[in-house]
Amino acid sequence: MRTSALTAAWLVAMRDLRLAFRKPSQLLQPLMFFMIVATLFPLSLTPEMSRLRDAAPGVLWVGALLSSLLALEFLFREDAMDGTLEQFALSGQSLTWMLFAKTCTHWLITGVPLALIAPVAAAALGVPGEAMPGVVASLALGSFALSLVGAVGAGLTLGARRGGVLLSLLTLPLAVPILIFGARATELAITGGNLAPPLYLLGAIAVLGVTLAPLAAAAAVRIGLE
Amino acid sequence: MRTSALTAAWLVAMRDLRLAFRKPSQLLQPLMFFMIVATLFPLSLTPEMSRLRDAAPGVLWVGALLSSLLALEFLFREDAMDGTLEQFALSGQSLTWMLFAKTCTHWLITGVPLALIAPVAAAALGVPGEAMPGVVASLALGSFALSLVGAVGAGLTLGARRGGVLLSLLTLPLAVPILIFGARATELAITGGNLAPPLYLLGAIAVLGVTLAPLAAAAAVRIGLE
Amino acid sequence: MLKVSGLHLWRGDRHVLRGVSFEGLPGQCVLLTGKNGAGKTSLIRVIAGLLDAEEGEVSWRGSSARKFRHDFHSELAYLGHEPPLKGDLTGRENLHFSVGIRRPVGTPEIDSALTRTGALAFADRAVRTLSAGQRRRVALAGVLLAGAELWLLDEPTTNLDADGQRLVAELIAEQLARDGLVVAAVHHALPLPAGSVVPLELGAA
Amino acid sequence: MLKVSGLHLWRGDRHVLRGVSFEGLPGQCVLLTGKNGAGKTSLIRVIAGLLDAEEGEVSWRGSSARKFRHDFHSELAYLGHEPPLKGDLTGRENLHFSVGIRRPVGTPEIDSALTRTGALAFADRAVRTLSAGQRRRVALAGVLLAGAELWLLDEPTTNLDADGQRLVAELIAEQLARDGLVVAAVHHALPLPAGSVVPLELGAA
Amino acid sequence: MATWTWFHRLASPPHVYAFAQRWTKWFGGAAALAMLVALYGGLVMAPPDYQQKDAFRMVYIHAPAAWLSLMIYTTMAVAAAVGLIWRMKVAHAAAAACAPVGAWFTVVALGTGMLWGKPMWGAYWVWDPRLTSELILLFLYLGYMGLRAGIEDPVKADKASAVLAVVGVVNVPIIKYSVEWWNSLHQTPTVMQMGKPKMDGDMLWPLLLMFVAFALYFVAVLLTRLRAELLRRERNASWIREVLA
Ligand code: HEM
Ligand SMILES: Nc1ncnc2c1ncn2[C@@H]1O[C@H](COP(=O)(O)OP(=O)(O)OP(=O)(O)O)[C@@H](O)[C@H]1O
Ligand SMILES: Nc1ncnc2c1ncn2[C@@H]1O[C@H](COP(=O)(O)OP(=O)(O)OP(=O)(O)O)[C@@H](O)[C@H]1O
Ligand SMILES: [Mg+2]
Ligand SMILES: [Mg+2]
């Protein structure tokens, strides 16, 4: 009797969740990183609220992008080093589904908390309270899209040495549209505009990502294993 | 006959240089990362030159900080994984000197090129040409101080798993003064003020770092090895 | 059952496998021997489909192992130079997940496999804190649990004590008795039932 | 020369070393044996100073190995479960740097050590592309070159072919003939000159 | 049937090598000729622009380079996809050969654009959508080359970089669109109206000819690089010995 593809994906997700919760401090680290970037920026600028508010979408999004990039490095690397990915590839199950499960879990434990904590950072940058739902929504959707794009980059850099920086080099250009629409949505949330259009566009990118990224990531990982 | 401490340190530095030059593309990666961060900010903000110029010191310094953090991850991690650090600790030589050599080499291959390329990023953010010597000087000095501080953090995270994010956490608070003085110097360079005072302070931090950081890093690495 | 024909593999500039062919039948153990660097690991990885050979074919039950990858893999258990375990999970959790993605598996079954490989005593400790031999025992339990027809083992006795080495030979013998097929790279003689061993020396050409 | 007395070591909750004492004299090989998890690796790491024991002392030439760490280490060569090599450098470069930080060393000397361990043929390839046994041969050349009095070897024959295992025994015998001292953890009997072996079984208590 | 023979010959390194060897000089020669004529037409015959005076002549380098930088990326992605799908070594080699040329054209477009921007807009760089997406294109090229350089094994490098090229080409239109959308929501920077010079025939034909010249030059360089790639990859193959003998 063989495990079904969905059950296998579910097990992979559970395993990643258990690994993450084994060290709760790990869950906090991307968040802390994000918060620190958000606080450092005002430190290096003149601390005038109006200027900070202008820069807020940029700071929030660049912070989110970089913190999610840093976390992405660990998406496959450890599994590759300890032979887990090899076992995935040899399990007779669809690698695509398993990697999709990994990517979703990664988003759950890094992207979602980041979106939830963002209002704190945003408030520190002078973003008004009414804008918070928009900030959270755009970051949650955007970080999902980022995780998908990043999974492809993380898979591609498996075979390469010193993957960390290369990963950023590959992923950042691909992430530009997400950044632009996300920052735009956040800005509209702050200025009180209608943020539906950029959010829809983000959603469209995420849908495209869901269909394409796991396939590309699985192909990339298979190549990296050889 | 035993190798002298300085010769040993020199060999360590040479080894790291050779590793770096084995793949020249690796040398470019932190630079690329820095350039991309510098590009992302305008992308997530309104692209008006005057507003960008205001944010330039922040963007340049946060970019430099993050790119040097990313590169720092590799300062000891690979050596720890493949057993090289263990061999260092068992070589009968001073670990302090060897780690100092590693840190200086790290700065040479990441910090110096970064300072040299910064004018390009700065120009794109609307920083005038006269400010460039100040930008380069402050970044060169600042990145040296960052490397020293980062070495301690990198040593401390050896024992901990998933060092990447933890490293940032440990290093960023220590890096805050560097960031503040550095960004201040850059801002003064842009506005045409006298940037000697913040540069002197950066220099003082670097001197303090040179005397303390290698000792602390050696102690941290010894703990991490167990 | 497993048929390898005319494999040629280059790694970098080196022509590592030069026309390797052999056939393995149910109940047989193909023992790969050869000097260091002869290509044992490479051959095992080519069979598993982790490396692509430039020429030649691997077929399983008469059909190409590459083309029907999923079917082939679901009948395959592979153990390489390093045990594929997550250091932060316990041995039992590791098996629960790694076997679970292949087939539904329950606690009693896991326990009996762990007992068989002498790993029960430390099955609930994080793998990170195990000794090299203890890790390998956990990984061997994983091979047992996979319930695969074909075992690919790369130096399975590494880091094991004398008991453990005997255990590996017994496990292989049992697999052969179940009409399974084993391909193993070894540097030491294993006490296996006579008649079931197909020796294959690499790098001899 | 090497004196270990009353070592007690806990790892996590486990009392791994329970009062281990022994003495090694020049020309002797202390062979550590014991089941998987008996504490061989732990003991070797305590002697090297990579792990701190809760109780007991390691002394070298009559003075504490901990206190006079640099002097002790400069007479020590350690080879653990994994060969300490940088994958991106060639074997020769690895040795040049790792031996060089201990003592000045020239190319002819490196070449002769590589020849001795049968690693010359692949000494100029990036270690990343070597097979497991080839790596160990390069690492063994490093031990030879260290010119140390005391060798600490943790399962040095791992991944080596039959020739390589004989080679390790020969290297140890030569070191003993030079009045060196060897502490080695092994799972297989090594053909060493009788009379020079001090067996020490761990975990027997 | 005929298509398949053609396809097969395209896939065989010796054939492609021989083809490249035969045709490189023709493409190179044609490129040089076209370039000379176009330069004469652009720099001498074309009248100065009534607004930009002689500065507008930068367009003869700038625009063809910019067009080619985009075209080459597409070529590269198509070659990479062919290589992935049909496991065709030659296609991978072609994709690898495209990248540096494309990156250079991107750099040239950026460089000439910046030089041109200084007199026109008073700044070397402004964050305009077209400029920004060209810059990101450069990053895409660099990422592709970085990935290739980061992977030792050529077969692995081929496949991994091919996946990246294909993913990248999906993203190129998205980038272009998003960057334009990003900027069009704000007031357009006043300094920079891309003054579309009213092109009359005397100005236009050298531009088009220059484009043809650049494209021919690209093909010539591509063939040369392809030959070098094939020599490097197939150095163990017997046909190489025959070719070189
Ligand atoms: C760094 C600065 C610049 C960059 C990166 C850049 C980029 C580009 C690109 C990508 C194209 C091809 C666009 C397409 O076919 O869709 C292009 C074409 C063109 N550019 Fe630029 N450009 C720059 C500066 C300038 C300047 C300063 C001018 C003149 C005021 C200029 C005038 C033109 C013209 C006339 C064309 C060809 C006509 C057309 O395709 O519409 N560019 N440039
Ligand atoms: N990534 C690689 N790139 C280039 N050559 C390699 C690579 N991996 C292995 N080789 C070479 O291929 C040959 C076969 O290696 P392989 O690991 O299969 O040997 P092995 O028989 O398993 O040896 P061992 O007994 O030492 O494990 C060796 O000469 C090795 O140097
Ligand atoms: N980091 C650790 N934390 C807790 N316990 C550990 C740790 N490392 C090892 N142990 C335990 O200490 C004991 C001794 O381990 P050690 O590695 O010294 O054994 P060994 O004799 O070398 O075994 P092997 O023959 O398998 O290599 C084992 O029971 C092991 O589980
Ligand atoms: Mg092997
Ligand atoms: Mg051990």
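Remember, predicted model here, so these are calculated numbers, not experimental data.
Neither the backbone nor the side chain of A:Thr7 comes within less than 4.5 Å of any heavy atom of chain C. Only the backbone of C:Leu85 comes within contact range of chain A, judged by heavy atoms closer than 4.5 Å. Proximity to chain A (any heavy atom under 4.5 Å) is shown, for C:Asp52, by both the backbone and the side chain. Using a 4.5 Å cut-off between heavy atoms, A:Met81 makes no contact with chain C at all.
The most heavy-atom pairs under 4.5 Å with chain A, out of C:His96, C:Glu75, C:Lys86, C:Arg45, come from C:Lys86.
Taking both residues in full, the closest heavy atoms of A:Leu90 and C:Arg102 are given as O-NH1, 3.2 Å, listed atom of the first, atom of the second, then distance. For the residue pair C:His70 and A:Ser94, the shortest heavy atom distance occurs at NE2-CA, 4.0 Å. Heavy-atom minimum distance, C:Asp88 versus A:Arg22: O-CD, 3.2 Å. Scanning both residues, A:Phe88 and C:Ile101, for their nearest heavy atoms gives CD1-CD1, 3.7 Å. Nearest heavy-atom pair, A:Gly83 versus C:Pro84, reported as atom, atom and distance to 0.1 Å: O-CB, 3.8 Å.
Looking only at distances, a side-chain donor or acceptor of C:His73 sits under 3.5 Å from a matching main-chain atom of A:Ala89. Between the A:Gln87 side chain and the C:Val99 main chain, no donor and acceptor come within less than 3.5 Å of each other.
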